[in-house]
Structure formats: structure tokens, C-alpha cells
Asks: 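A single structure is presented below for examination.
In this text, all values refer to a predicted model and were calculated from it rather than measured experimentally. The first residue in the sequence is number 1, and the count goes up from there. Heavy-atom basis, side chains included; hydrogens, waters and symmetry copies ignored. Both ligands and their constituent atoms are indexed starting at 1 by order of listing.
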Amino acid sequence: MSYQEAAFYFYSGTGNSYRVISWMADAARDGGAAVIVRPIAPAEPAEVGASETDLLAVAMPTHGFTAPWAMLRFVLRLPRCQGTHAVVVATRAGSKIGPFFTPGVEGTATYLVATILAMKGYRVRGAMGVDMPSNWIALHPGLDPATVSGILDRARERTAGFMASILSGRRWFGGWLALLIGLCFFPVSLAYLLVGRLFLAKLFFASDRCTGCGICARYCPNQAIHMRGDRNPRPYWTFRCESCMRCMAYCPVQAVEANHLLAIGVYLAAALLPTTALLAWLAARIPPLAFLMGAPRWILESVYALIILGLWYPLFHMLLSVSWINRFCTRTTLTHYYRRYHEPETTLRDLQEPEGGGDEPLVQ
Ligand SMILES: Cc1cc2nc3c(=O)[nH]c(=O)nc-3n(C[C@H](O)[C@H](O)[C@H](O)COP(=O)(O)O)c2cc1C
Ligand code: SF4
Ligand code: SF4
């Protein structure tokens with residue numbers, strides 16, 4: 001199968017999905033195609049549809065066992081086309097326990113995006129999940145360099161196999177077990193998309209290492225950070241954040257932290273609010289109302305948690321300028337002690353201007 005023009009679009013927090021799409025683009029280039037590699041933002045979906053492309057490839061991280069909202073929004077906004085070939089790749093959280101590499105689970109990520117593309121008229125030729133080093137550094141420390149390098153070698157090989165198959169005209173549809181798991185966990189994915197990512201957005205703060213350089217705000221793929229304060233500007237995280245980890249991974253002085261204590265505090269506060277107690281009281285006394293302690297309770301607590309966070313965050317941002325409060329919040333979060341991770345070869349400029357901008361590293 002020979003493609004004349006191939007477009008490679010990616011959404012990537014810490015460079016994993018960018019790296020995979022670059023390998024894919026290199027393979028297509030070697031096969032004789034003219035290639036473009038672009039981040040989905042600020043790409044205009046209408047332009048993607050209008051181009052002469054005969055292969056569209058998209059790559060993204062897995063978030064909450066499904067595709068990130070930014071990628072879903074992008075593919076949903078693509079205009080209809082007539083049979084352009086497409087492939088979809090989701091990177092996922094690879095790790096290593098002792099001598100064994102452990103896989104992540106992409107869940108519904110690839111097939112959800114593939115289904116939307118098919119509904120838009122694309123002929124989907126392949127879908128693949130590929131393990132890259134886990135980047136959820138608000139949750140766990142970054143993996144050590146030897147493990148990272150082992151996972152990258154395996155991912156490069158898997159991606160080469162995938163592209164060889166696609167470029168020779170064969171289809172590749174993997175990840176059926178992951179899809180099954182993703183379907184079983186779809187309520188979790190939905191909860192992540194509707195509530196989880198908003199909750200996580202408001203846990204970020206800058207420690208007093210922050211120099212106010214504004215790199216995090218400038219390179220956020222979702223323009224989710226505002227720099228606040230005239231004399232001493234500090235990043236302020238908005239609900240647009242998708243927890244992609246880029247700001248935390250690339251801050252040159254490791255000032256971005258996630259407030260674990262706040263997460264526990266807000267959840268307890270939401271769970272202890274009187275209406276939740278009222279639901280529990282009703283469910284205990286009137287057996288047919290026992291269902292109130294399931295989804296309705298969860299929805300109520302989630303709404304509370306988001307309202308509390310939304311109201312609390314501006315005040316919290318102000319309090320952080322008090323040195324001892326900032327120090328206390330910094331030292332009581334695990335992220336302060338965690339190693340950071342981003343794909344080792346990927347610079348911030350690669351992520352924003354992949355062609356031409358990547359030669360001069362801004363921050364390694
Ligand atoms: C908020 C968040 C949620 C994640 N959820 C999953 C998941 O459900 N399954 C999985 O295998 N990996 C998950 N990961 C790991 C990433 O998908 C994985 O490391 C990916 O390669 C990151 O790619 P990127 O650097 O292009 O953003 C998650 C990471 C983050 C930050
Ligand atoms: S990149 Fe780091 S130092 Fe610069 S403004 Fe953001 S948090 Fe502060
Ligand atoms: S604020 Fe940070 S974690 Fe959130 S989307 Fe922007 S770069 Fe990613």
C-alpha cells in the first residue's frame with residue numbers, strides 16, 4: 001500500500017505519544033509518503049478534513065481507561081470524509097516489576113476514537129495500544145532511566161511492526177482484551193471524563209521554588225494555566241486542565257506539585273456534608289431507597305467536591321504566597337519527593353512545533 005500524503009496528529013502530555021507518532025511518521029516517510037506531524041491543538045479540524053491526505057494517523061495517551069477529552073473533541077469536530085484511511089494509537093502505562101515488563105490498559109481509547117472516525121467516513125485500517133513509560137507522576141514517581149529505556153526499545157519495535165503491517169496494506173486491530181476491560185470499566189472512564197479530570201486539575205499548585213517564568217502556562221496543550229499576580233506571577237490551574245502532566249514534568253525547577261492532602265480533605269468534606277448523611281438515613285430506614293447509596297450518592301459527593309474545590313482554589317492560591325503555608329503544602333505532598341518523567345528525547349518545542357522547532361531544546 002503506498003500512501004502519497006500522510007498526516008500524523010498527536011495529543012501528548014509528556015512526549016510518549018509524540019515519540020510514537022514520530023516513529024510512525026518516519027516509517028511512512030521511508031515508504032515514500034510526504035508527511036506532516038502536528039499536535040491536535042492548535043490544529044483546526046476543518047483543515048485536516050480539507051487536506052489531500054490519504055492516511056490520517058492519530059496518537060494519544062490513555063486517560064482513565066479511555067481517550068482524553070481533548071482527542072475526543074478533536075475527532076468529533078473533524079468534517080466527514082470519503083474513505084480516507086486512518087489508524088489510531090493509544091499509548092499506555094508500561095512499567096516493570098522485577099525482571100517483568102507490565103502492560104498498561106488502553107481500555108476503550110483506541111476503539112472509541114476509531115468508531116468516531118469510521119462514523120465520519122474514514123476507513124480505519126488499524127488500532128493499537130502500546131506501552132510507554134507510565135507518566136502519571138502526580139500519582140507515582142517517574143520510572144528509573146534503565147526501565148524507561150527498556151520500555152522505549154520494546155515500544156519502538158512494536159510500532160515498527162504496526163507500521164510495516166499498515167504500509168504493506170494489511171490491517172492491524174489489537175487490544176481486544178483491553179477493550180473488554182475498558183467496556184467493563186466504562187463507568188470509571190465516564191466518571192474520569194466528567195469529574196475526575198476536573199478534580200485533579202485543582203490539586204496542582206506551585207511551590208515556592210517557582211520563579212514565575214511562565215513556561216508551564218505557555219506550553220500547556222489546553223491553555224489551562226493563567227499566570228496570576230503582577231509583581232510575583234504564579235501559575236493558577238483552571239478546570240480546562242486535563243492532567244496530562246506536562247507542566248509537572250517540564251517545569252525547569254520542579255515547582256509543580258499535586259496537593260494530596262487537599263484531595264483527601266475535599267473528599268472527606270464532601271462525604272460528610274449533611275445531605276449525604278440524609279441519603280444514608282433514608283436508605284437505612286426505607287429499604288427500596290437503598291439505591292440512593294450507590295450512583296446518586298456518588299454524583300452528589302462529586303458535585304460537592306467540585307464546588308468545594310472551585311470555591312476553595314482562589315483562596316488557596318492566595319494563601320500559597322504565605323511562605324510557611326506554601327512550605328507546609330509542599331512538604332506534605334508526595335510529589336515533592338517523586339522523580340519527574342518525560343520522554344527523554346522530547347523537548348517542549350517538539351510538542352508544540354514538531355517540525356523545525358525541535359532542534360533547539362528549550363528545557364530537557
Ligand atoms: C491522568 C492520567 C490517567 C492515566 N490513565 C491510564 C489508564 O487508564 N491506563 C493506562 O494504561 N495508562 C494510563 N495513564 C498513563 C498514560 O496513558 C501513559 O503513560 C502515556 O504513555 C502518556 O503519554 P503522553 O506522554 O503522550 O501524554 C494515565 C496517565 C495520566 C496522567
Ligand atoms: S514552569 Fe515552573 S517555575 Fe515556571 S512558572 Fe511554571 S511552575 Fe513556576
Ligand atoms: S495544566 Fe499542566 S497537567 Fe493540566 S493540561 Fe496543562 S500542562 Fe497538562
Side-chain angles (χ1 to χ4, degrees), residues 10-22 39 41 59-71 89-95 102-109 129-140 142-143 148 151-152 155 175 178 181-182 185 188-189 192-193 196-229 232-258 340-343 346 348 351 362-363:
F10 67 89
Y11 178 71
S12 181
T14 57
N16 285 348
S17 310
Y18 165 73
R19 185 53 53 206
V20 170
I21 207 111
S22 313
M60 68 204 147
T62 305
H63 283 176
F65 302 118
T66 194
W69 177 237
M71 180 55 87
V89 171
T91 64
R92 55 190 188 198
S95 190
T102 56
V105 180
E106 75 270 30
T108 50
V130 57
D131 291 319
M132 289 292 275
S134 179
N135 80 333
W136 202 344
I137 49 178
L139 198 68
H140 61 73
L143 302 178
V148 166
I151 296 173
L152 289 176
I181 297 173
F185 280 91
V188 176
S189 299
Y192 179 79
L193 287 175
R197 70 196 172 94
L198 303 177
F199 187 85
L200 296 174
K202 290 291 183 185
L203 300 184
F204 287 115
F205 70 99
S207 74
D208 54 14
R209 284 180 182 169
C210 175
T211 59
C213 68
I215 286 176
C216 52
R218 187 165 150 218
Y219 285 90
C220 168
N222 301 304
Q223 291 92 47
I225 298 177
H226 300 159
M227 296 302 288
R228 282 200 176 175
N232 195 13
R234 289 288 176 268
Y236 180 95
W237 277 263
T238 67
F239 279 123
R240 289 175 67 98
C241 168
E242 296 236 5
S243 261
C244 74
M245 303 294 133
R246 188 183 294 179
C247 50
M248 186 175 258
Y250 282 94
C251 168
V253 291
Q254 288 204 10
V256 178
E257 310 283 4
R340 301 300 195 247
Y341 167 80
H342 62 75
E343 199 284 324
T346 304
L348 279 172
L351 294 172
L362 183 71
V363 181

Asks: Determine whether the side chain, the backbone, both or neither of Val253 has a heavy atom under 4.0 Å from any heavy atom of ligand 2.
Replies: side chain
Asks: Would you please test Phe10 and Ser22 for side chain to side chain contact (heavy atoms under 4.5 Å, CB included) and show each step?
Replies: CA-CA 9 Å; Phe10 67 89; Ser22 313; over 6 Å; no
Asks: Identify the protein heavy atom lying closest to atom 6 (C) of ligand 1, giving its residue, its atom name and the separation to 0.1 Å.
Replies: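 The closest heavy atom on the protein side is Thr62 O, 3.3 Å.
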Asks: Starting from atom 27 (O) of ligand 1, what is the nearest protein heavy atom, named by residue and atom, and what distance separates them?
Replies: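 Here the closest protein heavy atom is Gly13 N, 2.7 Å.
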Asks: Look at atom 4 (Fe) of ligand 2 and say which protein heavy atom is nearest, naming residue and atom and giving the distance to 0.1 Å.
Replies: Cys213 SG, 2.2 Å
Asks: Looking only at heavy atoms of Ala217, does any of them come nearer than 4.0 Å to an atom of ligand 2?
Replies: no
Asks: If we ignore angles and hydrogens, is there a donor and acceptor under 3.5 Å between the side chains of Ser134 and His140?
Replies: yes
Asks: With heavy atoms only and a cut-off of under 4.0 Å, state how Ala59 meets ligand 1: side chain, backbone, both or neither.
Replies: neither
Asks: Considering both backbone and side-chain atoms of Thr91, is one of its nitrogen or oxygen atoms within less than 3.5 Å of a nitrogen or oxygen in ligand 1?
Replies: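 N/O-N/O distance below 3.5 Å exists for this pair.
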Asks: Can you find an N or O of Asn16 that's nearer than 3.5 Å to an N or O of ligand 1?
Replies: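 Checking ligand 1 against Asn16, an N or O pair does fall under 3.5 Å apart.
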Asks: Is any N or O atom of Phe65, backbone or side chain, closer than 3.5 Å to an N or O atom of ligand 1?
Replies: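 Such a contact does occur with ligand 1.
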Asks: Within less than 2.8 Å of atom 6 (Fe) of ligand 2, any N, O or S from Cys216?
Replies: yes
Asks: Give the numbers and elements of all ligand 2 atoms closer than 4.0 Å to a heavy atom of Gly214.
Replies: 4 (Fe), 5 (S)
Asks: If you measure from the Lys or Arg side-chain nitrogens to the Asp or Glu carboxylate oxygens, is any gap between Glu343 and Arg246 under 4.0 Å?
Replies: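 A salt bridge is absent here (no side-chain N lies under 4.0 Å from a carboxylate O).
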Asks: Quickly, which of Cys210, Cys251, Cys213 forms a side chain to side chain contact (heavy atoms under 4.5 Å, CB included) with Pro235? Name it, please.
Replies: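 It is Cys210; the other options fail the test.
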Asks: Counting each atom of ligand 1 from 1 as listed, which ones have a heavy atom of Pro133 under 4.0 Å away?
Replies: 19 (O)
Asks: Any N/O of Asn135 closer than 3.5 Å to an N/O of ligand 1?
Replies: yes
Asks: Name the orientation class of the two ring planes belonging to Tyr236 and His226 (parallel below 30°, tilted from 30 to 60°, perpendicular beyond 60°).
Replies: parallel
Asks: Under the side chain to side chain contact (heavy atoms under 4.5 Å, CB included) rule, what do Trp237 and Lys202 come out as? Steps first, then yes or no, please.
Replies: CA-CA 6 Å; Trp237 277 263; Lys202 290 291 183 185; 5.5 Å; no
Asks: Could an N or O of ligand 1 be found under 3.5 Å from any N or O of Ser243, whether backbone or side chain?
Replies: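 Between Ser243 and ligand 1, no N or O pair is found under 3.5 Å apart.
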Asks: How does Met227 reach ligand 2, if at all, at less than 4.0 Å between non-hydrogen atoms: by side chain, backbone, both, or neither?
Replies: side chain
Asks: Check each atom of ligand 1 against the heavy atoms of Val105 and keep those under 4.0 Å away; list them by number with element.
Replies: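 Contacts of ligand 1 toward Val105, numbered from 1: 7 (C), 9 (N), 10 (C), 11 (O).
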Asks: Near Ser134, which atoms of ligand 1 are under 4.0 Å from a heavy atom of that residue?
Replies: 19 (O)
Asks: Quick one: which ligand 3 atoms are inside 4.0 Å of a heavy atom on Ile225?
Replies: 1 (S)
Asks: Quick one: give me the number of protein N/O/S atoms under 2.8 Å from atom 8 (Fe) of ligand 3.
Replies: 1
Asks: Please list the nearest protein heavy atom to atom 5 (N) of ligand 1 with its residue and the distance rounded to 0.1 Å.
Replies: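 The closest heavy atom on the protein side is Gly64 N, 3.1 Å.
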Asks: Distance check below 2.8 Å: does Cys251 bring an N, O or S atom to atom 4 (Fe) of ligand 2?
Replies: no
Asks: Closer than 4.0 Å to some heavy atom of Ser17 - which atoms of ligand 1 meet that?
Replies: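 Contacts of ligand 1 toward Ser17, numbered from 1: 23 (O), 24 (P), 26 (O).
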Asks: Would you say ligand 1 has an N or O under 3.5 Å from any N or O of Cys244?
Replies: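 For ligand 1, there is no N or O atom that lies under 3.5 Å from one belonging to Cys244.
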Asks: In ligand 3, which numbered atoms sit nearer than 4.0 Å to a non-hydrogen atom of Trp237?
Replies: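 Taking each heavy atom of Trp237 in turn, ligand 3 has 1 (S), 2 (Fe) under 4.0 Å.
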Asks: Is the contact between Tyr192 and ligand 1 made by the side chain, the backbone, both, or neither, using heavy atoms and a 4.0 Å cut-off?
Replies: side chain
Asks: Would one find an N or O of Pro61, backbone or side chain, under 3.5 Å from an N or O of ligand 1?
Replies: no
Asks: Give the atom numbers and elements of ligand 2 that come within less than 4.0 Å of a heavy atom of Pro252.
Replies: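 Close to Pro252: 1 (S).
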Asks: Can you tell me which residue and heavy atom of the protein come closest to atom 25 (O) of ligand 1, and the distance to 0.1 Å?
Replies: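 So the nearest neighbour among protein heavy atoms is Thr14 OG1, 2.5 Å.
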Asks: Provide the number and element of each atom of ligand 2 under 4.0 Å from a heavy atom of Thr211.
Replies: 3 (S), 8 (Fe)
Asks: With side chain to side chain contact (heavy atoms under 4.5 Å, CB included) as the criterion, how do Ile225 and Cys247 come out once you've worked through the C-alpha distance, each side chain's angles and the decisive distance to 0.1 Å?
Replies: CA-CA 9 Å; Ile225 298 177; Cys247 50; 3.9 Å; yes
Asks: Which ligand 2 atoms does Cys210 reach within 4.0 Å, using its non-hydrogen atoms?
Replies: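 In order of number, 3 (S), 5 (S), 7 (S), 8 (Fe).
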Asks: With heavy atoms under 4.0 Å as the rule, classify the contact between Met245 and ligand 1 as side chain, backbone, both or neither.
Replies: side chain
Asks: Has the side chain of Ser189 got a donor or acceptor atom that lies under 3.5 Å from a matching backbone atom of Gly64?
Replies: yes
Asks: Looking only at atom types and distance, does a side-chain atom of Ser243 sit under 3.5 Å from a main-chain N or O of Arg197, one as donor and one as acceptor?
Replies: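 Looks like no, no N/O pair under 3.5 Å.
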Asks: Does any N or O atom in Leu200 lie less than 3.5 angstrom from one in ligand 1, N or O only?
Replies: no
Asks: Start with the C-alpha gap between Ile215 and Tyr250, add the side-chain angles, then the distance that decides, and say whether side chain to side chain contact (heavy atoms under 4.5 Å, CB included) holds.
Replies: CA-CA 8 Å; Ile215 286 176; Tyr250 282 94; 5.6 Å; no
Asks: Which of the numbered atoms in ligand 1 are below 4.0 angstrom from a heavy atom of Gly104?
Replies: 11 (O)
Asks: Is it the side chain (CB and beyond), the backbone, both or neither of Val256 that lies under 4.0 Å from ligand 2, heavy atoms counted?
Replies: side chain
Asks: What do we get for Met132 next to ligand 1 when only non-hydrogen atoms under 4.0 Å count, side chain, backbone, both or neither?
Replies: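 Answer for Met132: side chain.
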